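Here the structure is laid out as structure tokens; the discussion comes afterwards.
All values derive from a computational prediction rather than experimental measurement.
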Amino acid sequence: MPDAGYLTIGKVVKRLQGQYPDLSISKVRYLEDEGLLNPSRTPSGYRLYSQKDVHRLETILYLQKNRFMPLSVIKQQLDGGEGHVSLVQTPCPNVGEDDEEVLQKFHPIDRMPELLGVPVSFVRQLSEAGVIQLRESPHGRSLVDGKDFQLIRTCGELRHFGIGPKNLRQYVTAANRESAMFEQALVVFAKKGGGVEMERTEENRQQFGQALSEMLALTGQVRDTLIRRQISKTFSEMEE
DNA sequence: ATTCTCACA
DNA sequence: TGTGAGCA
């Protein structure tokens, strides 16, 4: 019997067959032959998969299924940047079609695996990182806001690239700083448009929304450019 | 009961 | 990739 934290190949397959129905034991072994996986072994030769191994396998399956990546490419990406497999520019396939019903309600955290395809522990970590806020039910159960579903799914995608809740924390603090900046900018914007007093008309509201959208797009471009510049610099340094 | 390797389609 | 034989 394997030690705590390690799973045999059968357990691993059963655990992941929820998300990847066509996963088989032979396929997992095949992936190992191709050099994408290297679990430890018991003295008798049985494969033992650590949490890391399982997560790596999840990433491979995700890349293959949702991203249609050939195994050869996945291998290169995974080996190249131990941890961050970024530099993939395909946008997320929108797996998120929640109806109003789901969106307006709060849902028990235990149902996140079936609802969003992410582990409960992951949702808790997002909460600890400040990305989302959990609510307590009268019975002491943790509830998740339906409005956060899309955000959680997005964070779940990021997880496959080695970007987890810890890394996301910086986006929370960044969002706080930036929202303060935008609010200030909107005040200035309001004074320029409608005199000292700002009326809360519907028209005003739309202008605010539009101004905010523009600011988000523009600052986003700045951010994109700066990041790409830094990355290309890093890469050119590597080739020397 | 399960997994292992290896040969093979 | 997947299957089946024969083992441990």
Original post:
In whole angstroms, how far is the P atom of B:dC6 from the OH atom of A:Tyr30?
Top reply: 17 Å
Subject >> Spacing of A:Ile9 atom CD1 relative to B:dT2 atom P, expressed in whole Å >> reply: 14 Å
Original post:
How many Å lie between NZ on A:Lys27 and P on C:dT1, as a whole number?
Top reply: 4 Å
**OP:** Give the rounded distance in Å between these two atoms: NZ of A:Lys11 and C1' of B:dT3.
**Re:** 12 Å
Subject >> Donor-acceptor side-chain pairing of A:Asp53 and A:Ser50 below 3.5 angstrom >> reply: yes
Subject >> Euclidean distance, atom CD of residue A:Glu34 to atom P of C:dT1 [Å, nearest integer] >> reply: 9 Å
Original post:
For the pair made of OH in A:Tyr49 and P in B:dT2, what is the distance, rounded to whole Å?
Top reply: 16 Å
**OP:** Name the nucleic acid region contacted by A:Arg29, choosing base, sugar-phosphate or nothing; use a 4.0 angstrom heavy-atom cut-off, strictly under.
**Re:** base
Subject >> Charged N-O contact under 4.0 Å between A:Arg141 and A:Asp110 >> reply: yes
Original post:
Does A:Thr8 make a side-chain N or O approach to OP1 or OP2 of B:dT2 shorter than 4.0 Å?
Top reply: no
Subject >> Closest to side chain of A:Arg47, choosing from C:dT1, B:dT5, B:dT3 >> reply: B:dT5
Original post:
What integer distance in Å separates A:Asp33:CG from B:dA7:P?
Top reply: 13 Å
Subject >> Candidate list A:Arg41, A:Lys27, A:Arg56, test salt bridge (Lys or Arg N to Asp or Glu O under 4.0 Å), partner A:Glu32, passing option >> reply: A:Arg41
**OP:** Look at the rings of A:His160 and A:Tyr62 and say which category their plane angle falls in: under 30° parallel, 30 to 60° tilted, over 60° perpendicular.
**Re:** parallel
Subject >> Watson-Crick or G-U wobble mate for B:dA1, both contacts under 3.5 Å >> reply: none
Original post:
Rounded to whole angstroms, how far apart are OH on A:Tyr46 and P on C:dC7?
Top reply: 15 Å
Subject >> Sugar-phosphate only, base, or nothing, as touched by A:Ser24 at under 4.0 Å among non-hydrogen atoms >> reply: sugar-phosphate
